[in-house]
2 protein chains.
Amino acid sequence: MQQSLSPFDIGRIRGLEPARERAGGEQVSPCGACSVRHLTFCAPLGEEELNHVSRIVQNIELHPGDPLFDEGEDATHLYSVTAGAMKVYKLLPDGRRQIIGFLFAGDFLGLADDEAYAYSAEAITHSALCRFPRRKLEALLERYPRMERRLLGMASHELAAAQEQMLLLGRKTAKEKIASFLLSLGRRAEQRGQTANPVSVPMSRNDIGDFLGLTTETVSRTFTQLRQAKLIALMPAGRVDLLDVEALQDIAEGN
Amino acid sequence: MQQSLSPFDIGRIRGLEPARERAGGEQVSPCGACSVRHLTFCAPLGEEELNHVSRIVQNIELHPGDPLFDEGEDATHLYSVTAGAMKVYKLLPDGRRQIIGFLFAGDFLGLADDEAYAYSAEAITHSALCRFPRRKLEALLERYPRMERRLLGMASHELAAAQEQMLLLGRKTAKEKIASFLLSLGRRAEQRGQTANPVSVPMSRNDIGDFLGLTTETVSRTFTQLRQAKLIALMPAGRVDLLDVEALQDIAEGN
DNA sequence: GCGACGGATTGACGTAGGTCAAGGCCGCGC
DNA sequence: GCGCGGCCTTGACCTACGTCAATCCGTCGC
């Protein structure tokens, strides 16, 4: 029951106040508001580490369309998403946009190899995040190698996903891209303990296009193609029913 | 003068023998054969760490076309390139190929978030590598957090590069892709202390195409376009003279 | 120096997906 | 419950890039 507050409740109560301001001796959720502990980089930590982490974490709440930070800004914080959906993207000067990834509860963002963020981040739905001052977190990493190990694992994971996405962007057809995308959304929902089959697709067609290297129109046309082939069904509230997962997998792999 | 042997000399002498087998009390290059210490993940290490590293490293030499490992293989080793050029790629079942990256001296490969390699690796030119048994390296990481920190930094760097490549693959035109590619090769050559302007392009047109999401023919046509526009000149031995770097940068950014 | 072979170039043509434009649908505010 | 605005869908058309097919050229073996 220490988890009985949703990330939004916590965000609402505390706003941007540091977690430690929430005094009172009661069992504080160890990683600040990270109710999805098992998914964040706090997962493998002991109580001592978690207590330190909870002292530097802040809670943030964002509404659809709210920006979190922009490409090129000083990378002062790392974030971990605890609820909702975010998008991170890069822009070309003329406005062309590539969405680098969609983030859900348990994903983190803000790793920068430089001092500046390499991409912009913005909320798609009502979202909650944990925010870690970079400097303070680095001090903790220094002290708790296990956290660094965990962070390395998460970066490797991100890297593998990015490489898979390069294969998609460079070599797959529109139909293959959409099939891969839907399956991947499903897989990730499953990992978060949500339902994988009527998969929730909270982002716009335009966002999907900018993620897959397509236009809104092509995304839309491809959805109707798949619908007409009875491979998917479009349901209310941005849900998509994957009617024939096997066939979608074949398409996604180019068979 | 402890660096007087080139990576190839060392590879030739030792083949795949573990570095420690090269006995004799003389000053052994600390990171095994990593003559490019400042570029590899050994860079920030002290003598003690380097001695440990040198005890687990092996040296490998590859010839053009030699495979290093294949996607899906058990990820038993990490590698660091000390000379030459490698390519890493992913394949679709029908043979379509996406080259994930080209690697030169100082780059590393083999990070896998899973137990299996997520891509295949193959030599483009005559190349030399350091090879680290994954298990043993992990033990070292445990012991020397600085190495882990360094590895995290390198993974972050790779991640940023991958994200930049997604922007390229998803949103740039053929001309923009080629201009970006040439400039990026130049930048990296510079970082290795090589000449950035007549830039060395050791890979085939086909490889370039599979890296940029284009065909051989489009790569070739785009090169001649840029040549005819006097922005580049094609020189013997796969060198490309960047005649107007500013103009190329404008093209690369989509202006 | 000569011939052969593999990569590079060029041309002619085809097409997947982009562009432009017109509705349609749905949720929200008043 | 009516109108408005944003997204989605669909259609007609276009173009950047792919495909297929000749050469071309540089390198290497002899």
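Numbered from 1 within each chain, the chains take letters A, B, ... in sequence-line order.
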Query raised in the report: Is the NZ atom of B/Lys175 crowded by more than 12 outside heavy atoms at less than 6.0 Å?
Result: no

Query raised in the report: Separation of B/Phe223 atom CZ from C/dT9 atom C1', in whole Å?
Result: 13 Å

Query raised in the report: What are the two closest heavy atoms between B/Thr218 and B/Thr222, and how far apart are they?
Result: O-OG1, 2.6 Å

Query raised in the report: Mind checking what makes ring-ring contact (aromatic ring centres under 6.0 Å, His included) contact with B/Phe104, not counting sequence neighbours?
Result: none

Query raised in the report: Hey, can you pull the residues of residues 202-218 of chain A with a non-hydrogen atom under 4.0 angstrom from DNA chain C?
Result: A/Gly213, A/Leu214, A/Thr215, A/Glu217, A/Thr218

Query raised in the report: Can you check the B/Arg96 CZ to D/dG18 P distance for me, whole Å?
Result: 13 Å

Donor-acceptor pairs under 3.5 Å, side chain of residues 201-212 of chain B to any protein atom, not counting sequence neighbours: which ones?
{"from": "B/Ser204", "atom 1": "OG", "to": "B/Asn206", "atom 2": "N", "distance (Å)": "3.4"}
{"from": "B/Ser204", "atom 1": "OG", "to": "B/Asp207", "atom 2": "N", "distance (Å)": "3.0"}
{"from": "B/Asn206", "atom 1": "OD1", "to": "B/Thr216", "atom 2": "OG1", "distance (Å)": "3.2"}
{"from": "B/Asp207", "atom 1": "OD1", "to": "B/Lys87", "atom 2": "NZ", "distance (Å)": "3.2"}
{"from": "B/Asp207", "atom 1": "OD1", "to": "B/Arg97", "atom 2": "NH1", "distance (Å)": "3.4"}
{"from": "B/Asp207", "atom 1": "OD1", "to": "B/Arg97", "atom 2": "NH2", "distance (Å)": "2.7"}
{"from": "B/Asp207", "atom 1": "OD2", "to": "B/Lys87", "atom 2": "NZ", "distance (Å)": "3.0"}
{"from": "B/Asp210", "atom 1": "OD1", "to": "A/Arg171", "atom 2": "NH2", "distance (Å)": "2.7"}
{"from": "B/Asp210", "atom 1": "OD2", "to": "B/Arg97", "atom 2": "NE", "distance (Å)": "2.6"}
{"from": "B/Asp210", "atom 1": "OD2", "to": "B/Arg97", "atom 2": "NH2", "distance (Å)": "2.8"}

Query raised in the report: Is any side-chain heavy atom of B/Val81 closer than 4.5 Å to a side-chain heavy atom of B/Phe108?
Result: no

Report summary line: Judged by nearest nucleotide, the residue sitting upstream toward the 5' end of DNA chain C, A/Lys172 or B/Thr224, is B/Thr224

**Report entry** Closest-nucleotide ordering on DNA chain C, the 5'-leading residue of A/Arg221 and A/Ala237
**Finding:** A/Arg221

Query raised in the report: Whole Å only: how far is the CZ atom of B/Arg227 from the P atom of C/dA8?
Result: 14 Å

**Report entry** Taking every non-hydrogen atom, the tightest pair across A/Tyr117 and A/Thr76
**Finding:** OH-N, 3.6 Å

Query raised in the report: Whole Å only: how far is the CD atom of A/Glu176 from the C1' atom of C/dA16?
Result: 12 Å

Report summary line: Here the distance between atom P of C/dG24 and atom CG of A/Leu234, to the nearest Å, is 19 Å

Query raised in the report: Between C/dG17 atom P and A/Leu168 atom CG, what is the distance in whole Å?
Result: 12 Å

Query raised in the report: What integer distance in Å separates A/Arg171:CZ from C/dA16:P?
Result: 16 Å

Query raised in the report: Within this structure, what is the CG-to-P distance between B/Leu226 and C/dT9, rounded to whole angstrom?
Result: 12 Å

